[in-house]
Amino acid sequence: MLRGRPRSSADNGSFPRQRPRLSSAAVQTRIGDSAASRRSPVARPPVRAPPALPRGRPGTEGSTSLSAPAVLVVAVAVVVVVVSAVAWAMANYIHVPPGSPEVPKLNVTVQDQEEQRCREGALSLLQHLRPHWDPQEVTLQLFTDGITNKLIGCYVGNTMEDVVLVRIYGNKTELLVDRDEEVKSFRVLQAHGCAPQLYCTFNNGLCYEFIQGEALDPKHVCNPAIFRFSSSTLCKGKPARAFGLTSCQGC
């Protein structure tokens with residue numbers, strides 16, 4: 001009995017499926033592509049901004065305009081800035097002439113509510129200004145022409161040849177008057193012979209020389225001889241430049 005060769009799958013009419021073989025380079029390429037696809041985000045459509053609204057009145061698209069209240073606020077702000085700059089410049093315009101004597105400041109507070117305490121404060125100032133005066137012989141005279149400040153004259157004897165004026169500032173007047181600039185102006189006038197000698201300042205006032213004379217009133221100011229003399233005194237030389245005056249025409 002003859003034995004034949006076994007049938008192959010080709011004889012039965014069926015062929016095995018052959019899978020394509022990929023090279024190692026191709027496998028690595030596909031693995032890299034799949035990993036990159038997992039890491040990369042999904043592409044999204046771009047977001048478009050909403051259309052811009054027109055500004056201003058119709059027919060003036062793209063232009064801006066301020067309302068009347070806004071213009072008023074801007075104008076007021078400009079005026080405030082200009083006034084502040086001018087005030088700052090004027091405050092720094094007063095310069096004491098070089099060589100003017102320094103004014104000492106004493107750490108003394110004069111109480112003016114009671115006469116006895118007022119006398120004690122004035123005598124403590126005189127111990128520095130007139131140490132040779134006997135406190136028992138000092139006379140204090142109150143001047144009543146002031147409006148906010150209290151003015152006291154201190155002297156010895158009856159002739160009033162040497163009088164020290166003690167000016168006590170009124171309560172809260174420093175809110176209206178810059179006391180440092182006041183002292184600076186006093187020193188400028190004193191340097192040019194237009195003010196009495198300033199002896200010292202203290203915590204709530206100052207002391208200066210008393211000059212015999214009469215206070216000007218409207219009757220004196222209307223006198224041509226007096227107001228011309230006053231104008232020429234203020235306008236002479238350096239005091240004129242110190243206070244912003246350039247000439248004294250018509251005096």
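Values below: every heavy atom of this structure, side chains too, minus hydrogens, waters and symmetry copies.
- Heavy atoms only, all atoms of each residue included: S100 and R187 are closest at O-NH2, 3.7 Å.
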Please step through side chain to side chain contact (heavy atoms under 4.5 Å, CB included) for the pair L216 and F227, ending with a clear verdict. CA-CA 10 Å; L216 295 180; F227 75 70; over 6 Å; no
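- The shortest side-chain heavy-atom distance between F202 and T109 does not fall under the 4.5 Å cut-off.
- More than 12 heavy-atom neighbours from other residues, nucleotides or ligands sit within 6.0 angstrom of CZ on F143.
- The shortest side-chain heavy-atom distance between L142 and L151 does not fall under the 4.5 Å cut-off.
- Contact detail for L165 and G153: the closest heavy-atom pair is CD2-CA, 3.9 Å.
- Hydrophobic clustering, with ILVMFWY side chains joined whenever heavy atoms are under 4.5 angstrom apart, groups W133 together with L123.
- Listed here is the closest heavy atom pair of L140 and A122: CD2-CB, 4.0 Å.
- Distance check, rounded to the nearest 0.5 Å: CG of L106 to CG of L125 gives 6.0 Å.
- Listed by first and then second residue, the salt bridge (Lys or Arg N to Asp or Glu O under 4.0 Å) pairs that reach into residues 111-121 come to none, sequence neighbours excluded.
- Remark: the backbone N or O of V110 is paired with a side-chain donor or acceptor of N204 at under 3.5 angstrom.
- Interatomic distance, L176 CG to T148 OG1, rounded to the nearest 0.5 Å: 8.5 Å.
- Contact of the N149 side chain with the I168 side chain is not registered, since no non-hydrogen atoms from C-beta on lie closer than 4.5 Å.
- Of all the heavy atoms in E209 and P196, the pair that sits closest is O-CB, 3.3 Å.
- A donor-acceptor contact under 3.5 angstrom links the side chains of R179 and T173, judged on distance only.
- Placement of Y208 and V166 in two distinct hydrophobic clusters is found when ILVMFWY residues are connected by side-chain heavy-atom separations under 4.5 Å, directly or transitively.
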Check against side chain to side chain contact (heavy atoms under 4.5 Å, CB included), C154 and V163: CA-CA 6 Å; C154 306; V163 181; 5.9 Å; no
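- In this structure, D217 contributes its side chain and H220 its backbone to a donor-acceptor pair below 3.5 Å.
- D134 has its side chain out of reach of V156: every pair of non-hydrogen atoms, C-beta onward, lies at least 4.5 Å apart.
- Of all heavy-atom pairs between V188 and H192, the closest is O-CD2, 3.1 Å.
- Partners of N223 by side chain to side chain donor-acceptor pair (under 3.5 Å), not counting sequence neighbours: none found.
- In this structure the side chain of L206 reaches within 4.5 angstrom of the side chain of Y169, judged on heavy atoms.
- I226 places none of its side-chain heavy atoms less than 4.5 Å from the side chain of V221.
- Cluster annotation: V103 and V108 are assigned to distinct hydrophobic clusters (Ile/Leu/Val/Met/Phe/Trp/Tyr, side-chain heavy-atom contacts under 4.5 Å, transitive).
- A distance of 6.0 Å or more separates the ring centres of F210 and Y155.
- Side-chain atoms of C207 and L129, non-hydrogen and from C-beta on, do get closer than 4.5 Å to each other.
- Residue pairs satisfying the salt bridge (Lys or Arg N to Asp or Glu O under 4.0 Å) criterion with at least one member in residues 162-172, sequence neighbours excluded, are listed as follows: R130-D162, R167-E182.
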